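On a predicted model such as this, the values are computed, not experimentally measured, just so you know.
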Amino acid sequence: MVDAALAMHRSALGAAGRAHLAAARAWVTTASSSAAESSPALTLLNQASAAHMRRTRSYDELIQILEHRAAAAPRGGAVPTASSVAEISAPAELGQEFLRSPVHAVEDALESAVTLPAPEPGASRPRLSLRVGLIAGPRLGAGLFGLAQIIDIDAENWMDLDGDLDLLLIGSDTSVSHELLVDSIIPHYKERSVPTAFFSAVGKEEAEEATGIVEGCDAVFAVDHEVAETYRELGRSGLSVTMVQLPVSPLLHTPLGTRPAGTDLLAFMGLDPSSTPAKIHAAQSVSPLFDGALASGRAVALFRPAEEDGLRASQWAVPAEYAPWTLSRREVPALEGLTETAMLQRSMDIGLAVNSVANSQTLLDSQILQLQACGTMVLATYNQGVNSYHPNVYIANAAEDVAKTLQYMDLEELRRVQGDGIRQVFTAHHGRDVLGTIARTVGLHVAAPTDRVLAVTEEVTDELREDIARQTHPAVALVTWAEIGEWQVGSDTDAGDFDILLPVSASRRYSPIYTADHVAAFRYQSAPITTKLQGTAEETDHLAHSRTSEVRKLSLTAWWRPSAAALGSPQELETSRSGLPVYAIDHFGHRSPATRRVVDPAVGSDFERTAREFKTTAEAEGLELAVVVPIYNNGDHLRHKAFASLRRSEMFDRMHVLLINDGSTDASTFDTIEELAHSYPNVSAFHHGSGGSGSASRPRNTGLALSFTEFVTYLDPDDEELDDGYLVLLDELRSRPEADFSLGTMAVWTHRYSVHDYHAWFADGVEHRDGLVWPHRDTLRTLNFRPASIEALVARTDWLKGLGLVQPVGAVGQDSYFFQQLMYHVRAYVPVHRPVYTYYGAVDTSIVNVVSPKYFRKYLILELDRAQWLREVGLLEDYMEQRFENFFVSWYLAKFAKVRPEDREEAAGVLREIARAYGPYHWNDSRARAFFRRY
């Protein structure tokens, strides 16, 4: 019996050793075939191979021990027993971190997801009483899941339903042939008086393929604005084309029960089946995302596109170097449908997404919306719309930054990112709202939902009135309990005066997003009462996004259409709660009045007092680098872009982050600035009185004047420091006392990725000596006046202040002009040959992307100042000879082409003023001559 046990165990150990040897060789083969020479993926591949080899050697050693014991038995040694043989096994912990299968990680995550509560319709967004025939793929199907009686129609069953439908909706992601749709299905339903609609969620390049379907339908709905214009131009006269958002259904994707998360898994669920994989720039987009996820140390699973999803491997596949973490859906049978996929998305704290379209402001990977709806933070590749309208979605530009974000983000920051995503998605992308718009457009009677809010309090103070007036939700009134009898609660049959009752108190301060959070919560869950929590993320996380049996403070609740009998007093309202479920959202959006300083936005900050405070902070905290951040009505980008990038820097605690508000009129931006300044000892805020100066010049001037550290730089709120770029610049400049500033390069995202390599641009025009660049007074002429970005440099503060330069207030393009001035005055600078920050050049709401006469007037301010300075330093003629005409044509006239026809005469007049600022000039370019002949 013992001999048999010995043989069996020896055989088992040998088989295990051979399996690990094969695995080690497989990982080495994968690593050697990888295109990447050095990456976290390659490092992990080699480490995993080494771990398997260690396992192989351990099994060989155990076999030797086993054989030695067996050989010793005839010579009087102890005879091994079955139990002692079983004790001989490899240590379980050896290389375990490299041997855990992604399949097991996904299965563990799904197992944790089983405990999640079932999704439910929102109290304010019940299912529509419509029968909708849907011919679409999983993207549109998921977005409308359960929000009406959705009947899937395909090439086999389309004749079975006859006319028993309220609406036929065809999605651009359908696999049904266009020929069958145009020739048979659409005419069949139109003959039966069923309205037909087409929903397009593709880019402009694919839009024309569906022209036949568009022509046959009663109405067309497009996510991409260029596609909408294409259909208006190609479609028949009078065709209804409406812009809509991508839909999300809370009956599939919801944050209910997701705190704390059930797994630390990072999963990429594959591409949208309707996407165009050929557009993916794997080298820049995918590698930083996946490498950063792997380098974070978390479990990673990457699902590849499947043939049945309509994506061929030849179009796009997860790169080969990630093969050990790549799965097919067949490897995880439990992940078989939309419901199971949503469960996995809900179980994660952080998810990964890849955008196949980069250059659309409205079309993005729908999983970005789905994950946010689940209360999951998203790391994604670049997309214009994501960057413009979802700044809380982290865009992966460097693997190191992705890894640092995952490793250093604390629970408070994580929950803030997730909370902003939940609110954004259910405010703008609720599937019932999208479906309702479609139904009303084709003539169906579907009432538009209302979310009118009545805030009620025992005492109205100036502070409370101000807080309610600053809410981002557009329909909020404020009354006292004594006045509430004049207001009527709405119902499904009677519109009334309000839908949501919001009890508030003068003993709390409410941030601008407070009401919007409550309103959004009524859209994705059915409890008629919602409440905010008190405490930190650590203290409240176990209660967040779940049902609770108590309301601790009435002034933190909201009530969906309470009974009229409950409106007599706070006590009657609380009594009416008996037996009603309550939904706890999170702890954000309210605070005690004493926790922050009081600043009047209309008046702003006192400069002299602020200067003393800033100087004290810089000295007391031992800060070295001032980062001037000019801000105007872009608080979400400030929080999630610029500030988040500084927070993950190795030297954040040595930075003095100067948040300089240029008089923002957006209450949420003001609140964000004050919150950040209150939360971090090295962050200081200054407010100009509300109204704004028109550009970043004034806050940059103010920020420089308020800089009291040895070094200084600039960072716009919608840009990001890249991979500790400012630390590199600072260290290089500190080591070279002869230099006035250090200069890196700039990574740029517009419709594609590029790097502006200033050093290559300047290489032939400046002297290089001892590792420094030594410009001279003629350098601007030599370099054709080509500028670099001031966000890509770190300067000595005393030197920069000593120049006495002032960026022209109200001007745009002033940073380029400012660099030209710096280049004229600099003694020497240190070149750093790598991108140090990322410039996002296609933020939809940015002033440089909204072209109007006002835009050119801001440039007129700049050009009047620059022309005068060039005269003073004797470079005007050189500038006009080398750069003036080319810049006028390539920049101004190119922008002029985007001006609306009705504004062109006015804009042309401003351009003539810009030209006159430089004096008489003979135009050589035919485009310039044509412009001046016409205008």
*Look at the side chain of R125 and the backbone N and O of D433, then say whether any donor-acceptor pair between them is shorter than 3.5 Å.*
no
*Taking all atoms of both residues into account, what is the closest heavy-atom pair of P126 and A123, and its distance?*
CD-O, 4.0 Å
*Okay, side chain of H430, backbone of A520: is any donor-acceptor separation there less than 3.5 Å?*
no
_Side chains of E720 and S645, donor plus acceptor under 3.5 Å_ = no
*How far does CZ of F221 sit from OG1 of T242, to the nearest 0.5 angstrom?*
5.0 Å
*To the nearest 0.5 Å, how far apart are OG1 in T672 and NE2 in H640?*
8.0 Å
*asked:* Salt bridge or not between D586 and R415? Use side-chain N to carboxylate O under 4.0 Å.
replied: no
_Contact summary for A197 and I438, nearest pair of heavy atoms_ = CB-CG2, 4.2 Å
*asked:* Checking side-chain polar atoms at under 3.5 Å, does H473 have a donor or acceptor matched by the opposite partner on D451?
replied: no
*Going through the checks in order, is the side chain to side chain donor-acceptor pair (under 3.5 Å) test met by T196 and D218?*
CA-CA 5 Å; T196 56; D218 298 314; 3.2 Å; yes
*asked:* Give me the atom names and distance for the closest heavy-atom approach of D166 to S129.
replied: OD2-O, 4.3 Å
*Go through the steps to decide whether I368 and V386 satisfy the test side-chain contact (heavy atoms from CB on, under 4.5 Å), and finish with yes or no.*
CA-CA 9 Å; I368 290 175; V386 168; 3.7 Å; yes
*Decide, yes or no, whether a salt bridge links K204 with D224 under the criterion of side-chain N to carboxylate O below 4.0 Å.*
no
*Can we call the ring centroids of H429 and H390 under 6.0 Å apart?*
yes
*Regarding T665 and N633, is there a side-chain donor-to-acceptor distance under 3.5 Å anywhere?*
yes
*Could you tell me whether R423 and D517 have a side-chain N and a carboxylate O separated by less than 4.0 Å?*
yes
_Determine whether a donor-acceptor pair (N or O, by modelled atom type, separation under 3.5 Å) exists between the side chain of N359 and the backbone of H751._
no
*Y840 and D719 side chains, donor-acceptor separation under 3.5 Å*: no
*T362 side chain to V223 backbone, donor-acceptor under 3.5 Å*: yes
_Beyond-backbone contact of M348 with L266, side-chain heavy atoms, under 4.5 angstrom_ = no
*Nearest heavy-atom pair of A155 and L180: which atoms, and what distance?*
CB-CD2, 3.8 Å
_Evaluate L265 against V106 for side-chain contact (heavy atoms from CB on, under 4.5 Å), listing each step before the verdict._
CA-CA 7 Å; L265 174 70; V106 173; 4.1 Å; yes
*Indicate yes or no for a side-chain donor-acceptor contact from N355 to the backbone of D365 under 3.5 Å, with no hydrogens or angles considered.*
yes
*Hey, is the main chain of A222 close enough, under 3.5 Å, to the side chain of S200 for a donor-acceptor pair?*
no
*Residue pair I153, Y189: steps toward the side-chain contact (heavy atoms from CB on, under 4.5 Å) verdict*: CA-CA 12 Å; I153 297 176; Y189 283 97; 3.8 Å; yes
*Note, F896 side chain near V851 side chain (heavy atom, < 4.5 Å)*: no
_Residue pairs passing the ring pair (Phe, Tyr, Trp, His ring centres under 6.0 Å) test where at least one lies in residues 191-219, sequence neighbours excluded_ = none
*Just wondering, do I513 and S668 contact through their side chains at under 4.5 Å, heavy atoms?*
yes
*Where the side chain of T450 meets the backbone of R452, is there a donor-acceptor pair that is under 3.5 Å apart?*
no
*How long is the gap from CD on Q245 to OG1 on T437, to the nearest 0.5 Å?*
10.0 Å
*Take I135 and L181 through the test side-chain contact (heavy atoms from CB on, under 4.5 Å) and record every step on the way to the result.*
CA-CA 9 Å; I135 305 178; L181 286 167; 3.8 Å; yes
*Parallel under 30°, tilted from 30 to 60°, perpendicular over 60°: which one fits the rings of F268 and F290?*
tilted
*Does the side chain of N387 pick up a donor-acceptor pair with the side chain of K641 at under 3.5 Å?*
yes
*asked:* Could you tell me if the side chain of D499 sits less than 4.5 Å from the side chain of W560, heavy atoms only?
replied: yes
*In this structure, which one of I170, L239, T441, V227 forms a side chain to side chain contact (heavy atoms under 4.5 Å, CB included) with V220?*
L239
_Pairwise side-chain contact, F303 with S328, heavy-atom cut-off 4.5 Å (strictly under)_ = no
*Indicate the atoms forming the closest heavy-atom contact of R639 with D420, along with that distance.*
CD-OD2, 4.2 Å
*Roughly how far apart are R139 CZ and Q367 CD, rounded to 0.5 Å?*
9.5 Å
_Under 3.5 Å donor-acceptor, N634 side chain and P717 backbone_ = no
*Closest heavy-atom contact between A148 and L435?*
CB-CD2, 3.9 Å
*Only counting residues at least two apart or in another chain, list the ones meeting ring-ring contact (aromatic ring centres under 6.0 Å, His included) with Y382.*
W749
*Do D349 and Q418 meet the criterion of a side-chain donor-acceptor pair at a distance under 3.5 Å?*
yes
*Decide if the gap between the ring center of H518 and the ring center of F522 is smaller than 6.0 angstrom.*
no
*Are any side-chain N or O atoms of D666 and backbone N or O atoms of T669, one a donor and one an acceptor, separated by less than 3.5 Å?*
yes
*With side chains defined as the heavy atoms from C-beta onward, is the minimum distance between L169 and L144 less than 4.5 Å?*
yes
*Quick one: are E340 and L344 in side-chain contact, heavy atoms under 4.5 Å?*
no
*If we ignore angles and hydrogens, is there a donor and acceptor under 3.5 Å between the side chains of E209 and H178?*
no
*Taking side chain as C-beta onward, heavy atoms only, is P288 less than 4.5 Å from N397?*
no
*Inter-residue atom distance E120.CD - Q525.CD, 0.5 Å rounding*: 6.0 Å
*Per the side chain to side chain donor-acceptor pair (under 3.5 Å) rule, which among Q370, R346, R329, E336 passes with T341?*
R329
_Rounded at 0.5 Å granularity, tell me how far CD1 in I350 sits from OG1 in T376._
9.0 Å
_Main-chain N/O of G216 paired with K190 side-chain donor or acceptor, under 3.5 Å_ = yes
*Flag if over 12 foreign heavy atoms under 6.0 Å of CD, E902*: yes
